[in-house]
Every structure is written in C-alpha cells, then in structure tokens.
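Before any comments, here is the structure.
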2 protein chains.
Amino acid sequence: MKLTEATEKFIQAWGTLGSSWGINRTMAQVHALLLIAPESLSAEDIMEKLSISRGNANMNIRALMDWGLVSKELKPGERKEFFSAEKDIWKVATQVMKERRKRELEPVLKVLQDVSVVEGDKKNKDIKAFNDTIKNIKGVVTKADKTLEMLIKADESWFVASFLKLLK
Amino acid sequence: MKLTEATEKFIQAWGTLGSSWGINRTMAQVHALLLIAPESLSAEDIMEKLSISRGNANMNIRALMDWGLVSKELKPGERKEFFSAEKDIWKVATQVMKERRKRELEPVLKVLQDVSVVEGDKKNKDIKAFNDTIKNIKGVVTKADKTLEMLIKADESWFVASFLKLLK
DNA sequence: CTGAAGTTTCAATAAATAATGAAAGAATAG
DNA sequence: CTATTCTTTCATTATTTATTGAAACTTCAG
C-alpha cells in the first residue's frame, strides 16, 4: 500500500471510530491527521488535506486542544500557528478517559446519588424494585469510575503501572 | 424525592449518558424504563410512558434486543408481547462491551493491520513516522481489545473474577 | 498608526439522524 | 375462514448536529 492511500484509510477509520463513540467525526479526522503528521501543521494545511472550511478547522482544533490532545506550537519567524498531537497513544487514551469521566460519568453518579433516596413505604414493591436497581447500577458505575481513576493515575503509581504490564 | 420524580430523573440521565456514548437517546431511555420497571412492559406501556410513537418504540425495542439487553416475554393468556431488561448491570456492561468490541474495535484493528504495510523507502522520514505511529496505535488498541476480551470472559474464569474483586 | 496576515465567531445553511403514523403484514381466537 | 388484535415497515417530516463563509477581531511588522 502507498503512503497516501494508507493515510487516507487511517483518517477514515479513526473518524468512524470517533463518531461511533460520540466524538465528532471531523474532530477525530483532524486528530488522525495530526497523529500521523511528521511535522506540526497549520490550520491551512488541515483545511486543505481534509477539504473543510476555515471555521470548521478552527472549531475542531480548539475542541482537540480543550480535550488536551493537541497543542499549539509557534515556530520562530513564522506568524502562523502550528498544531501537533500527542503521539503516545496511551497518553491519548488516558486523557480521553479523564475528560469523559469528568464530563459524563460524574454527572450520572450525581443523579444516581440524588435518586437513591426515594420516599415512601419501603415494602412497596415498586419502590423496592427501584431502589434495588439503582443501588446495583450505582455500584457498577462507581466501580467503573474508580477503575478509570486508577488507570488514569497509573503512570504515577509503579504498583498499578507494573500491574498493567500483566495485561500486555 | 417521590418515586415518579426519581424515575423521570433516572430515565433522563440514562438517556443523556447513552447519547454521549453513541447510543440513541430514546433507545437508552427505553432501556432505563425497562431497567427500573418491576414488571415487564408492553410496547404500548413504553409508548405511553415515554410519549413516543409506535414505530419508534418498536425500532428501539428491537435494537435493544439486538444488543442482547432486552428480551421478549410472552405472558400466558395475553396476546401482546412484553419486554424486560437484564437487571444485573455487570451483565449489561459486559454485553455492551462485547457488542462494541465486535462492531467497532475489530474493524479498526483490521484497518490498522492493512495500513501497517506501507511500501517505500524505510528511511523516508514520512514513511518512518507513519509506521511508528501506526505501530504504537495498534499496540494500544490491541491491548484494549485484549483487556475487554478478558473482562467479558471474567465470569467464566475464577482467576480473573477474583482479580476483579480487587478493584472493588 | 496602518495594513497585511492570521484567527475567531456566528448566523445561515446543509447534512445526518431520529420520529411519526398510516398502511401492510402476522398471528390467533372464535 | 375472517375479524380482531397486535407488530412491523418505511416514506415523509421533524429535530439535531455539523459546516460554511463572510465579517469582526487580533497581532504585529514596518
């Protein structure tokens, strides 16, 4: 396979993966492009290679920066801004977990907490069933949350880090 | 909090969680409704409680069955079909992991495999950078895939099962 | 300053996705 | 059979989400 073809296929696949996980397709494509770019790229480079508008490029670049996956680079002598992506995919995964945990898991945990004190007859069948299910869900979601927290902090802990090696 | 209010909040939260993870909002709401329903519900019950159309209800119930999260029940003497959700959230999580792994991770792994044999000068900077990045990504994605496989099979393996308890 | 080069914003538009509901299709009680 | 009850399908419509591109804004060299 030729490099250009491989590049396109990869960008396409990464975009599809992103969009099935709730990440804007174009955002994932910009990310893919930067991941495999040997040099940092300008907004114009990105617009051109993905055939997208200036505004779209700008928005998605910014979103990627918000997620901590892409950073701005200023080349001396150049006025334009250049962008590059973190190449270490483990770090990328960690960063994504961190963000999603904060943005999505935590609000759900909060609702589960709120919702787990239902007033009324403890012997009422409906109330009992509701409480049991919520308790169960809360348990699993909390566990998932803790597991993610652990994975995110893995790099700071040799114990977990060495444990993770077992998974390789 | 009253049961009705709690129910609504939970359905709402589950729907939001679903839609930020690439799962149709209504599908997640139907799932939530069935999760906390003490009895199995008919299509009509679901339509009514979520204020959705017959077609919509039908589509999403079927999708949930495809995902293996909901099953059809036939009550003796009743002509209608009734539906109920798996209440054990760990099983739900396992099932979701299994499906998404199959539907999304495996196609990406395939592309990564295809794309990792780029023709040309091995010393060419661009080709080298591309190959390195793809190799790195493939490593992490493969590891994620294996980890999921392990988690999915956890129930069948006392070793992994007892290991998972450590995470609690 | 001033203007050229670059970036950001956002209302308008396009594209993708989901929901409706009526019609067609099944299943079954009588 | 066939009338009734229930389920499924799918063209149409509505909603949501993403994209465009022109105008406003920023930065900085001269």
Side-chain angles (χ1 to χ4, degrees), chain A residues 11-12 14-34 39-67 70-84 100 103-104, chain B residues 11-12 14-34 39-67 70-84 100 103-104:
Chain A
I11 291 174
Q12 176 58 39
W14 207 242
T16 304
L17 183 66
S19 66
S20 65
W21 285 88
I23 285 161
N24 180 313
R25 167 188 199 74
T26 305
M27 179 172 158
Q29 289 182 338
V30 172
H31 185 229
L33 182 60
L34 289 172
E39 306 283 354
S40 56
L41 303 178
S42 68
E44 212 130 313
D45 295 335
I46 292 167
M47 288 165 58
E48 217 169 82
K49 301 222 181 190
L50 299 179
S51 313
I52 60 176
S53 72
R54 183 170 296 286
N56 198 6
N58 185 274
M59 293 250 230
N60 285 300
I61 290 167
R62 190 143 41 79
L64 285 164
M65 291 197 294
D66 285 349
W67 278 71
V70 160
S71 55
K72 194 181 280 191
E73 270 175 25
L74 296 170
K75 291 194 187 176
E78 292 259 29
R79 192 132 157 211
K80 265 187 279 199
E81 295 173 338
F82 290 81
F83 304 93
S84 66
R100 301 207 80 159
R103 296 179 196 205
E104 291 145 19
Chain B
I11 291 173
Q12 176 58 39
W14 207 242
T16 305
L17 183 65
S19 66
S20 64
W21 286 88
I23 285 161
N24 181 314
R25 168 189 198 71
T26 304
M27 179 173 158
Q29 288 183 338
V30 173
H31 186 230
L33 181 60
L34 289 172
E39 305 283 353
S40 57
L41 303 179
S42 69
E44 212 130 311
D45 295 334
I46 293 168
M47 288 165 58
E48 216 169 83
K49 302 222 181 189
L50 299 179
S51 313
I52 60 176
S53 72
R54 185 170 295 287
N56 198 6
N58 184 274
M59 296 254 245
N60 285 299
I61 291 168
R62 190 142 43 78
L64 284 165
M65 291 197 294
D66 285 350
W67 278 72
V70 160
S71 55
K72 195 181 279 191
E73 271 175 25
L74 295 171
K75 291 195 188 176
E78 291 259 29
R79 194 135 156 206
K80 267 187 277 199
E81 295 174 337
F82 290 80
F83 304 93
S84 68
R100 301 207 80 158
R103 297 178 194 204
E104 292 144 20

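So that the names make sense, note that chain A is the first sequence line, chain B the second, and so on, each numbered from 1. Because the structure is predicted, anything quoted here is derived from the model rather than measured.
- Protein atom CD1 of B:Ile23 is 15 Å distant from nucleotide atom P of C:dT17, rounded to whole Å.
- Summarising the geometry, the separation between CD1 on B:Ile61 and P on D:dT8 is reported as 8 Å, rounded to the nearest angstrom.
- In this structure, B:Lys80 atom NZ and C:dA29 atom C1' are separated by 16 Å, rounded to whole Å.
- The aromatic rings of B:His31 and B:Trp14 are tilted relative to each other, their planes meeting at an angle between 30° and 60°.
- Separating the CD atom of B:Glu48 from the C1' atom of D:dC6 is a distance of 16 Å, rounded to the nearest angstrom.
- Side chain of A:Arg79, nearest nucleotide from C:dG21, C:dG6, D:dC6: C:dG6.
- Along DNA chain D, the nucleotide closest to B:Ala43 and the one closest to B:Met59 are compared, and the more 5′ of them pairs with B:Ala43.
- Distances were taken from every side-chain heavy atom of A:Ile52 (C-beta onward) to each of D:dT20, C:dA19, D:dT8; the shortest belongs to D:dT20.
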For this session: Kindly determine whether A:Asp45 and A:Ser42 satisfy side chain to side chain donor-acceptor pair (under 3.5 Å), including the steps that lead there.
Result: CA-CA 5 Å; A:Asp45 295 335; A:Ser42 68; 3.2 Å; yes
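- Within the structure, a side-chain polar atom (N or O) of B:Thr26 is placed less than 4.0 Å from OP1 or OP2 of C:dA19.
- Rounded to an integer number of Å, the gap from CE of B:Met47 to P of C:dA19 is 14 Å.
- In terms of phosphate contacts, A:Asn56 brings no side-chain nitrogen or oxygen within less than 4.0 Å of OP1 or OP2 of D:dA18.
- In this structure, CZ of B:Phe82 is placed 9 Å from P of D:dC6, rounded to the nearest angstrom.
- The existence of a salt bridge linking B:Glu81 and B:Lys75 is excluded, since no basic side-chain nitrogen approaches an acidic carboxylate oxygen closer than 4.0 Å.
- Side-chain nitrogen and oxygen atoms of A:Asn58 include none within less than 4.0 Å of the OP1 or OP2 phosphate oxygen of C:dT7.
- Which of C:dT7, D:dA18, D:dT7 sits closest to the side chain of B:Arg54 comes down to D:dT7.
- Of the candidate nucleotides C:dA19, C:dT28, C:dC10, C:dA19 has the atom lying nearest to any side-chain atom of B:Asn60.
- Among the atoms of the strands shown, only primed sugar atoms or phosphate atoms (P, OP1, OP2) are found under 4.0 Å from some heavy atom of A:Glu81.
- Here the closest non-hydrogen pair linking A:Val70 and A:Leu34 is CG2-CD1, 3.7 Å.
- Only one option out of B:Lys80, B:Arg54, B:Arg79 pairs with B:Glu44 in a salt bridge (Lys or Arg N to Asp or Glu O under 4.0 Å); it is B:Arg54.
- An OP1 or OP2 oxygen of C:dT9 is reached within less than 4.0 angstrom by a side-chain nitrogen or oxygen of A:Arg62.
- Rounded to whole angstrom, the span from the CG atom of A:Asp45 across to the P atom of C:dG6 amounts to 12 Å.
- Taking atom NZ of B:Lys72 as the reference point, atom P of C:dA26 lies 14 Å away to the nearest angstrom.
- Here B:Arg25 does not reach the OP1 or OP2 of D:dT16: none of its side-chain N or O atoms lies under 4.0 Å away.
- Contact annotation: B:Asn24 side-chain N/O to C:dA19 OP1/OP2 distance is under 4.0 Å.
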